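Heads up: the structure comes next, in structure tokens.
In this text, all values refer to a predicted model and were calculated from it rather than measured experimentally.
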Amino acid sequence: SESHTAVDRTAGAPSLKHAIKRDRHGVGNDITGKGSVMTSYESLGGLAAGASSGLCHWLKHMKLYRVVGLMALCLLIIPFIFYQLLMSAESSVPHNDIHRTRSQLDTFEEVSPLKAADLKLRIDEMLRIKGTVSLELRDLESRRQKLQSDIGLYNQKIDELKQELARQQTELDRLKISVEQAQVAQREAVLRNTPELALPKPLYSESLPSTVAPAGKEQRRACKMSSCFDHSRCSLTSGFPVYLYDPDTVSVVNGGYDIDGFLRTTIKQTLGYNAHLTTDPKKACVFLVLVGEALPEHEATMKNNRYNGPQQADGGQPEAGSVNATRLRLLPYWGGDGRNHVLLNFARREIGTGTGNMLRGTGIDTGRAMVVQSSFEESQFRAGFDLIAPPILGPPGGDVWQECAQMLPARRKYLLSFQGELSGQNGSAGAAQGALDDTELDMVDEFIIEHLKEMSSGRTQDHFMLQFECVPATEQRHPTSVRDWSLCGTDNSRKSVLKESTFALLLAPTGTAVSSTLLQARLYEALRAGAIPLILGGDQVALPYAETIEWRRVVIALPKARITELHFLLRAIPDADLLTMRRQGRLVWERYLSSVQSTVDTIVASLRDRLGIPPKPVRAVVAHSVFNSSFVPLKSDPVIDAEPEESLGPIEPPYPSPAFRRNYTAALMQSREMWNDWADPFALYPQLPFDPVLPSDAKFIGSHMGFRPIGKGAGGAGKEFGESLGGNYPREQFTIVILTYEREQVLMDSLGRLYGLPYLHKVIVVWNSPKPPLEDLRWPDIGVPVHVVRAPRNSLNNRFLPFDAIETEAVLSVDDDAHLRHDEILFGFRVWREHRDRVVGFPGRFHAWDVNTLDSWNYNSNYSCELSMVLTGAAFIHKYYTYLYTYTLPQAIRDKVDEYMNCEDIAMNFLVSHVTRKPPVKVTSRWTFRCPGCPVSLSEDDTHFQERHKCINFFTKVFGYTPLLNTQYRADSILFKTRIPHDKQKCFKFI
């Protein structure tokens, strides 16, 4: 082509110049005489040189005008030639090669001034085309981006649809399981042959006691519950109604005597708090009559102070003749023989030899009435009918922990202590046989005293505090036939010695006394001070409430013949047993002996226990809604979180835990535990965490109602595990209790996360703020009832109120900002079902000994291989403990919680460990939980940990010891980290 020709021509021009130059150099060489071999190239150079020299010769002889004319001709011809060449080249270029020659054409056109206007038009056209193309490119790019965005959205929708499909498939599986569970429940309801037990309707007597003939002396002496008690007035469903004759209007004492004013007032007051008291004598099962402590009128109004100075060996005037038998028979409901009457003869101000026995030396006719007092002779006491009660030595009621000593150390300064003086003499000195008996008893007492003195002064490292004579000596104002050991010193002086004593010696009264007021007073003081009572002669005396209290766990009772082995026995008791007995003694003292309230409640409960009548139901706290009856809160659909794609359990309708099913059997089968281990035998609870467990085969043979075994009994892995609760207990659900204070959005988020949670019965929101919720606040609809309860006041103790709206045994206490997954909650619930009497939860903490002061505890939340507490911000507890926390926990602890606005979780851990003597159970690896974006909580305050240090040490003082126990393990699901076949599933995917 022409374009290639032009390129070749341009490239050939330099070659010709170089050739001419070489020829010139060749000619020069020839002229200078440097010979060389003639070649063809040199000959060609010679020809060219000759022509050049001819042209120069011709130019030299040419005229000037000719030269000018020649140059002008060249200037005219050359542009014309170039123009023709360009036009021919433009016409001959093919269309497909126009882009290749465009730069050359532009170059040629630049030299042509005739095409400037066309060039500008062309440039404008090209710019217009460029703009149009750019707009088209931008439009295509935007369309491409939109298509990519649409593709991404569609992919996202596809993923969401896949997740929704999986979720709906899981939900469908759960619904299928729920249908199966409902069908099983329906079949059980059809086959059930025993009705659901609920609180029975009380059946009362409708008439007053009828009048019958008085009982004879022998009948009175042989009285038993079967022969002297009218059971027809005490139906099993009556609730044991008790009627009190008003001591201010009804008096049965002789003239010149009066009931102690303190007792008269406090007995009425404390019985008024008792649930069994009735004011209708027609309904009454028993009738209480206050007959003592009866004092001369001028003493009954004196200052009510038992310990003004050293104790006297005897009271003022003996109160044996204070009760008037005629006035007893004239009581309006006496019925002729006094059946179902209880005579209360308390000792309080006169704690001396021979006091506290209204029957001594009088032969008073008490008919078929039961006698309750602290002192009995063997011939007077009717075992199983009369009742031995301690003297009233404490306050009317309230907290009594300040009176107690700390339980540690186990071994105190004194191994054994005693302060007393033997007083009393034989009232019938003329009887030779009586004198002989007294002589023998004196010899025994003298031997015991001598041996104890030798033991204390012998070669031993043990220290003793033994004092057998009072300084100053006690004054015996009235002779008595009872020989007993009187008290020395004052109450404070004896208390200071007992607080430093490991054991307190109690010497039984001599003669035929079954019990004495002085012995009961010594028992009271020893238990109060934490000194373990050692009763020498314990085989001949009876202790208070012996029908229900296991005194073998509290005192060491030895025959007097064991005096020579006493020291060996005391040294053989290890520290663990010492502290166990001391703890049990304090429990008995606080619960049954410490105050007027505890004494009255124990007497009523003991009489009721004899008859096998259940106590009154425990009082639940009414859950008042924060909304009025006409307001309907707004609802919203919950935001469904991406929970693990696994079936965690069926969706069931609300199923409350069966309540009050062991109203009668609990007292029969577990009476010992109720009185000696658990915290309260005075009330009937809907359920207990200590209910017995059926054997495994009972779930399939005769007792299958309510049980949902894994794989219908065949077992299984994840799939079968998720379909049923299994375990050792029938099916049940749990209630979530959330305490909140003015964090509405945090609460709504927490509620929304509970949507679809299996086995959830309901949610109780304790609204601690005085301000009601906003009217436009939208509450998420989570598929179960949400009760918003108005708290009586802003207190963290409200977390553990026993609301009547809680209808399940299992209670999950949760902070409003706690974020727990569904699988974590359900795993904790399954673990709690196997540890119903313990705190089961997630965040673990421990109490650490202060290694700097060596005398206190510190609260610690660091990572540790030991823990002793599980915080109730995310923990399961039994509802039974909410009753104990509210009604039996010392008020000082709840007051401290309100003072610090802190430590309610520590208090609950103290309580449960104190009752069970077991540590909590931690589940999963979660050590703490934090809510991202939530407002600052109380636990982030700088003083939070300092207050918790103080709480632990204060609670230790109240309990007398630290009940928290350490544990070194946590609970994870069985197949966690276990390699299983591919066709099997684990119990939980992430736990």
Point-to-point distance, once rounded to the nearest 0.5 Å, from OG of Ser868 to NZ of Lys922: 13.0 Å

Polar side-chain atom of Gln419 near backbone of Gln467 as donor-acceptor pair, under 3.5 Å: no

Spatial distance of atom NE2 (His944) from atom NE2 (His949) [nearest 0.5 Å]: 9.5 Å

Near-ring test Trp551/Tyr592, centroid separation under 6.0 angstrom: no

Side-chain donor/acceptor of Thr266 to backbone N/O of Pro396, under 3.5 Å: no

Salt bridge flag under 4.0 Å for residues Asp905 and Arg948: yes

Cation-pi, Tyr729 ring and Arg836 (6.0 angstrom, 45 degrees): yes

Name of the residue among Lys413, Arg412, Arg571 meeting salt bridge (charged side-chain N to carboxylate O under 4.0 Å, His left out) with Asp462: Arg571

Cation-aromatic face contact Lys879/Tyr883, 6.0 Å, 45 degrees: no

Check ion pair Glu947-Lys950 (N to O, under 4.0 angstrom): no

For Lys495, salt bridge (Lys or Arg N to Asp or Glu O under 4.0 Å) partners two or more places apart: Glu403

Parallel, tilted or perpendicular, as decided by the 30° and 60° cut-offs, for the rings of Trp857 and His847: tilted

Geometric class of the Phe876/Phe734 ring pair [parallel <30°, tilted 30-60°, perpendicular >60°]: perpendicular

Donor-acceptor under 3.5 Å (Asn798 side chain, Ser795 main chain): yes

Interatomic spacing from CG in Asn676 to CZ in Arg553 - rounded to 0.5 Å: 5.5 Å

Geometric class of the His567/Phe464 ring pair [parallel <30°, tilted 30-60°, perpendicular >60°]: perpendicular

Minimum heavy-atom distance between Arg591 and Asp677, given as atom pair plus value: NH2-O, 4.1 Å

Listed partners of Arg619 passing salt bridge (Lys or Arg N to Asp or Glu O under 4.0 Å), at least two apart: none

Spacing of CZ belonging to Phe945 relative to OH belonging to Tyr859, to within rounding of 0.5 Å: 6.0 Å

Side chain Arg582, main chain Met407, donor-acceptor under 3.5 Å: yes

Parallel, tilted or perpendicular: ring planes of Phe690 versus Tyr881, cut at 30 and 60 degrees: perpendicular

Closest contact, heavy atoms only, Ala875 versus Val870: CB-CG1, 4.0 Å

Geometric class of the Phe910/Phe955 ring pair [parallel <30°, tilted 30-60°, perpendicular >60°]: perpendicular

Presence of salt bridge, Asp898 and Arg793, under 4.0 angstrom: yes

